[in-house]
Participant: 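The structure follows.
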Amino acid sequence: MTEQVLYIILLGPPASGKGTQAAQLREFLELPHVASGDLFRENLKNETELGLQAKEYMDRGELVPDDVTIAMVMDRLSRPDCAGGALLDGFPRTIAQARALDAALAAAGHRVALVPCIQVPDDVLVERVSGRRLCPVCGESYHVRFNPPEEPGICDNDGAELYQREDDQPETVRRRLQVYHEQTSPLIDYYRNRGLLIDIQGDQSIEAVQSDLRSAVSKIGLFRK
Ligand code: AMP
């Protein structure tokens, strides 16, 4: 297949499995995984000004303002490894972000190719988030019940001690879900109206969701192998 530039957006509420699925899908698509939440956390860890700016919003489960977020993601997309496109996760999260992305891609002669939306009911999400544990070294995500590491609390890949995200506490999760319904879910219609949205049933096993994602992507001939 000829080289093409691919931009795929994984849409879905917090803890719908976007990060886990994207990590697997990126290999299939041979695209870099650009996750805005990871970019913010990286900035926070390195104590950059951007990270400090974002922290107060993240701690409350609110969205970081659009201008800051758009500038950060556009900077990431302008790096050489994104020359062939990207698998976007967590961005866009508002209509303004989606419009900014469309404008930036159009200016370069590109467009969004597909928007799989992973749908999961709220009560399932709350249960998932409360059991989510992450590796501080490789970023692998686990769940104490649904996807446990071999040894409790320890990463299978590198033996590091797993941690729980600050914003995975129940109070903050409820706020993040509310923010999703108010500010991000309008993107479902935004992309559906453009014929780009594909609904993915997210309340299934990780493998089943991945398989649905791959067949959605394959059906429209977007894979490059
Ligand atoms: P995530 O890891 O995608 O759940 O993101 C964690 C937090 O980072 C969110 O709750 C927001 O505070 C912030 N964040 C990530 N992506 C965005 C975005 N596209 N727009 C605004 N804030 C974001």
Side-chain angles (χ1 to χ4, degrees), residues 7-23 25-26 32-77 86-105 112 115-118 120 122 124-126 128-136 138-143 162-188 190-191 202:
Y7 291 93
I8 296 184
I9 298 169
L10 265 192
L11 203 59
S16 56
K18 295 190 303 293
T20 304
Q21 296 298 335
L25 199 60
R26 63 176 290 184
H33 173 198
V34 173
S36 45
D38 288 349
L39 294 175
F40 281 128
R41 280 184 289 277
E42 221 173 274
N43 274 281
L44 207 58
K45 201 166 121 192
N46 297 329
E47 296 181 351
T48 67
E49 201 184 320
L50 176 73
L52 296 175
Q53 244 179 311
K55 182 175 172 13
E56 56 169 312
Y57 298 97
M58 295 173 77
D59 284 351
R60 290 201 304 262
E62 308 277 341
L63 295 186
V64 179
D66 282 336
D67 52 349
V68 177
T69 306
I70 291 166
M72 175 186 73
V73 175
M74 292 310 161
D75 174 66
R76 176 69 190 85
L77 291 177
L87 177 57
L88 287 155
D89 156 12
F91 180 93
R93 248 176 163 103
T94 62
I95 294 283
Q97 291 178 15
R99 292 206 175 111
L101 177 66
D102 279 350
L105 295 187
V112 174
V115 184
C117 180
I118 305 179
V120 182
D122 279 9
V124 176
L125 292 171
V126 172
R128 278 192 187 179
V129 171
S130 60
R132 177 153 73 177
R133 300 291 183 273
L134 298 164
C135 173
C138 69
E140 184 80 46
S141 174
Y142 297 91
H143 190 281
L162 304 179
Y163 73 100
Q164 184 170 28
R165 258 169 61 169
E166 198 63 39
D167 59 353
D168 277 352
Q169 308 296 331
E171 279 279 291
T172 320
V173 170
R174 274 191 287 275
R175 180 64 191 138
R176 286 165 65 204
L177 279 174
Q178 192 184 3
V179 166
Y180 175 80
H181 290 303
E182 287 169 8
Q183 300 188 53
T184 306
S185 64
L187 291 179
I188 295 176
Y190 179 90
Y191 289 116

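We count ligands from 1, going down the list as the structure has it; atoms in each ligand are counted the same way. FYI, the numbering just counts along the sequence from 1.
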Participant: Is it true that atom CD of Glu166 has more than 12 heavy atoms of other residues, nucleotides or ligands lying nearer than 6.0 Å?
Facilitator: no
Participant: Going by distance only, is there an N or O of Phe91 that falls short of 3.5 Å from an N or O of ligand 1?
Facilitator: no
Participant: Any idea which protein heavy atom is nearest atom 16 (N) of ligand 1, and the distance to it?
Facilitator: Ser36 OG, 2.8 Å
Participant: Short N/O distance, under 3.5 Å, between Arg41 and ligand 1?
Facilitator: yes
Participant: Could you check Arg174, Gln178, His181 and say which one makes a side chain to side chain donor-acceptor pair (under 3.5 Å) with Asp122?
Facilitator: His181
Participant: With atoms numbered from 1 as shown, which atoms in ligand 1 lie under 4.0 angstrom from a non-hydrogen atom of Thr69?
Facilitator: 18 (C), 19 (N), 20 (N), 21 (C)
Participant: Between Tyr57 and ligand 1, is there a nitrogen or oxygen pair with a distance under 3.5 Å?
Facilitator: no
Participant: Among protein heavy atoms, which lies nearest atom 12 (O) of ligand 1, and at what distance?
Facilitator: Glu62 O, 2.6 Å
Participant: Tell me whether Gly90 has any N or O atom under 3.5 angstrom from an N or O of ligand 1.
Facilitator: yes
Participant: Please write down residue, atom name and distance for the protein heavy atom closest to atom 23 (C) of ligand 1.
Facilitator: Phe40 CE1, 3.6 Å
Participant: Check ligand 1 against Arg165 and write out every atom of the ligand that is under 4.0 Å from a heavy-atom position of the residue.
Facilitator: 1 (P), 2 (O), 4 (O), 6 (C)
Participant: Start with the C-alpha gap between Asp167 and Thr172, add the side-chain angles, then the distance that decides, and say whether side chain to side chain donor-acceptor pair (under 3.5 Å) holds.
Facilitator: CA-CA 6 Å; Asp167 59 353; Thr172 320; over 6 Å; no
